[in-house]
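Letters A, B, ... mirror the listed sequences (proteins, then strands); counts begin at 1.
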Amino acid sequence: MSATPQERLEVSISINGRRYKAPVEARKTLADFIREDAHLTGTKLGCEHGVCGSCTVLIDDAPARSCLTLAAQADGHRVRTVESLTEGQELNGLQRAFREQHGLQCGFCTAGFLMTATALLEENPTPTRDDIVETVSGSLCRCTGYQTIIAAIEQAAAEGAADTQKHDEQEGDVL
Amino acid sequence: MKAAKFKYVAPRSLEEALGHLGSDPDAKVLSGGQSLMPLLAMRLAAPSVLVDLQHVPGLNAIEDIDNAVRIGARVTHRAVEHSELVARRVPILSLAARHIAHPQIRSRGTFGGSTAHADPSGEWPTVLLAVGATMHLQGAAGRRDVHADDFFVGPFTSSMEPAEILTQVSVPATWDRWSFQEAAVKAGDYGLALVAAVASVENDTITDARVSVGAAVGSVTRLREVEQLLIGAAPDLNTAERAARVATDSVKPISDIHGSSDYRRNLVGSLVKRAIVELKNGA
């Protein structure tokens, strides 16, 4: 038998393109690793048992609840958090749409919604309203009533499609 | 971090994983963790060791074999939901996958994990009982196959031995008609009642059928009285209405904060009717 069960182990996780290595307890969640070891506190913890969706991050590009994943399970995998969406003070298109559509009030759930929506738009840049509703149904927001969040994702999708077109035109110009 | 302390190991082979399970009676398998992690967080489960299957080879395939589709235990709900092979050969799985929690759960939770967990409100246990699936188990002593009728023996209880691992499930692709119905308070919630129905149909007569109910009852259960009524009948609205009455009369639902026994009894009747109407339409 090559490996022995360990109560503490060294994990190495790529978060937002940077590698974080730390010895952790086996019972430590990925959410706690992100906040306490990587010191990336944009990811919020609400219920800590998989109901609220606040802690949603992308693991290997798929949306996942970081409270329902052990740090040990994420060893060697790629994680993206809300901090990956932008550098510095500039908001990206999705974040800007959330602000313009009033897609948040207290903001506690927002990182989870942003990462869930990021995964949706990466997989399907032109989602229907039903696709968006299905996607956000996995997150709880107690402030907005969801309509403004759905509107924000619709706006981001519409603008993203426009961006792609612009990009295509630019490539056309170069050729 | 709310779980009690445990040890963790991620073996690279099935033999190694079985060794860990065999050497510690309180060791548990970790697959996607989407059911286990909440249990750990609430300290309803306190295993000594978690044996993570993510690096065990051979558990990730969806394969077309003679009369069945064989699904590896580590295949995610999402992979089942998006599989073209599943949609073509065993479409009831595609229908049911959309009811499993939310996309963020479906990307991590696994087919084998949910099946072995044997949650009475689980979509896979309900569907696998209806279609008559075969579970492929591996223990230290060798492989064995268990039919769904003998696998789900109670709430959160299967006939697996503690030191066995569910490696694949073979889902028969031989049924002509399939239907899956679920009633939940809101999308992604645990269902109040689930009904799965399959049938073989020749010359507008049902020649064989299996119907199961989940969530409304203590453990996933076949509705044998409904099956008996269906066999030999025409798949039509009249049969659907009679089946609904038989289901309402024969099912013994649970009562809890989410719904009374009488409410669930009527819900099961309604879902059975819808399921048989879908069988009629060849869904």
Side-chain angles (χ1 to χ4, degrees), chain A residues 1-9 11 24-33 35-36 45 47-77 112 115-116 119-120 123 130-131 133-140, chain B residues 1-13 15-24 27 30-44 46-55 76 78-79 82 98 100-109 184 186-190:
Chain A
M1 209 174 287
S2 55
T4 314
Q6 304 285 343
E7 204 168 284
R8 291 185 69 82
L9 59 159
V11 298
V24 299
E25 280 192 72
R27 60 175 169 162
K28 186 164 221 168
T29 64
L30 174 60
D32 285 337
F33 183 87
R35 290 179 55 84
E36 295 169 5
L45 272 167
C47 70
E48 291 189 77
H49 61 267
V51 175
C52 76
S54 288
C55 69
T56 300
V57 300
L58 307 188
I59 304 176
D60 300 332
D61 302 325
R65 307 233 197 275
S66 57
C67 77
L68 291 190
T69 303
L70 295 172
Q73 281 176 289
D75 182 40
H77 292 270
M115 297 317 288
T116 297
L120 172 69
E123 188 190 331
D130 283 348
D131 293 335
V133 170
E134 156 74 5
T135 299
V136 303
S137 73
S139 292
L140 294 179
Chain B
M1 183 167 74
K2 304 197 294 188
K5 285 187 180 179
F6 53 79
K7 293 177 181 173
Y8 169 93
V9 67
R12 301 273 162 177
S13 73
E15 293 68 31
E16 202 187 325
L18 289 165
H20 290 299
L21 289 177
S23 62
D24 186 336
L30 170 64
S31 185
Q34 302 301 288
S35 298
L36 180 57
M37 287 289 285
L39 293 176
L40 295 172
M42 291 182 266
R43 299 205 176 191
L44 293 170
S48 55
V49 178
L50 288 187
V51 182
D52 185 350
L53 297 186
Q54 71 167 312
H55 299 306
T76 62
R78 181 190 155 80
H82 292 278
R98 290 172 213 144
I100 301 174
H102 306 287
Q104 300 95 323
I105 301 283
R106 297 203 288 270
S107 69
R108 299 284 302 168
K186 66 184 184 68
D189 275 6
Y190 283 107

- Would you sort out whether Leu70(A) and Asp52(B) count as a side-chain contact (heavy atoms from CB on, under 4.5 Å), showing the intermediate values? CA-CA 10 Å; Leu70(A) 295 172; Asp52(B) 185 350; over 6 Å; no

- Begin from the C-alpha positions of Glu134(A) and Arg106(B) and carry the test salt bridge (charged side-chain N to carboxylate O under 4.0 Å, His left out) through to its verdict. CA-CA 12 Å; Glu134(A) 156 74 5; Arg106(B) 297 203 288 270; 2.8 Å; yes

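At distances below 3.5 Å, at least one donor-acceptor pair connects side-chain atoms of Gln34(B) with backbone N or O atoms of Leu68(A). Remark: side-chain polar atoms of Arg27(A) are paired, donor with acceptor, to backbone N or O of Ala3(B) under 3.5 angstrom. Under a 3.5 Å cut-off, the side chain of Gln6(A) and the backbone N or O of Lys7(B) do not form any donor-acceptor pair.
Counting heavy atoms from C-beta outward, Lys5(B) and Glu25(A) have side chains that approach closer than 4.5 Å. For the pair Ile105(B) and Arg65(A), the minimum side-chain heavy-atom distance is below 4.5 Å. Residues Cys67(A) and Met37(B) form no side-chain contact, since every pair of their non-hydrogen atoms from C-beta on lies 4.5 Å or further apart.
With a threshold of 4.5 angstrom between heavy atoms, Leu36(B) does not approach chain A through any atom at all. Only the backbone of Ala4(B) has a heavy atom closer than 4.5 Å to any heavy atom of chain A. The part of Leu50(B) that comes within reach of chain A is its side chain, from C-beta onward, which places non-hydrogen atoms under 4.5 angstrom from that chain.
Of the inter-residue distances, the one linking Gln104(B) atom CD with Ser137(A) atom OG reads 7.5 Å to the nearest 0.5 angstrom. For the atom pair CG (Leu40(B)) and NE2 (His49(A)), the distance works out to 13.0 Å, reported to the nearest 0.5 Å. Here the OH atom belonging to Tyr8(B) is positioned 6.0 Å from the CD atom belonging to Gln73(A), to the nearest 0.5 angstrom. One finds the CG atom of Asp75(A) at 8.0 Å from the CD atom of Gln54(B) (value rounded to the nearest 0.5 Å).
Your options are Ala26(A), Ala62(A), Gly53(A), and the one with the most heavy-atom pairs under 4.5 Å with chain B is Ala26(A). Per-residue counts of heavy-atom pairs under 4.5 Å with chain A were compared for Ala41(B), Ser107(B), Gly32(B); the largest is that of Ser107(B). The residue among Glu123(A), Arg8(A), Met115(A) with the most heavy atom pairs within less than 4.5 Å of chain B is Glu123(A). Between chain B and the residues Thr116(A), Asp60(A), Leu9(A), the most heavy-atom pairs under 4.5 angstrom are made by Thr116(A).
Shortest non-hydrogen contact noted between Ile59(A) and Arg108(B) is CG2-NH1, 3.9 Å. The minimum heavy-atom distance linking Pro103(B) with Thr135(A) is given by the pair CG-CA, 4.3 Å.
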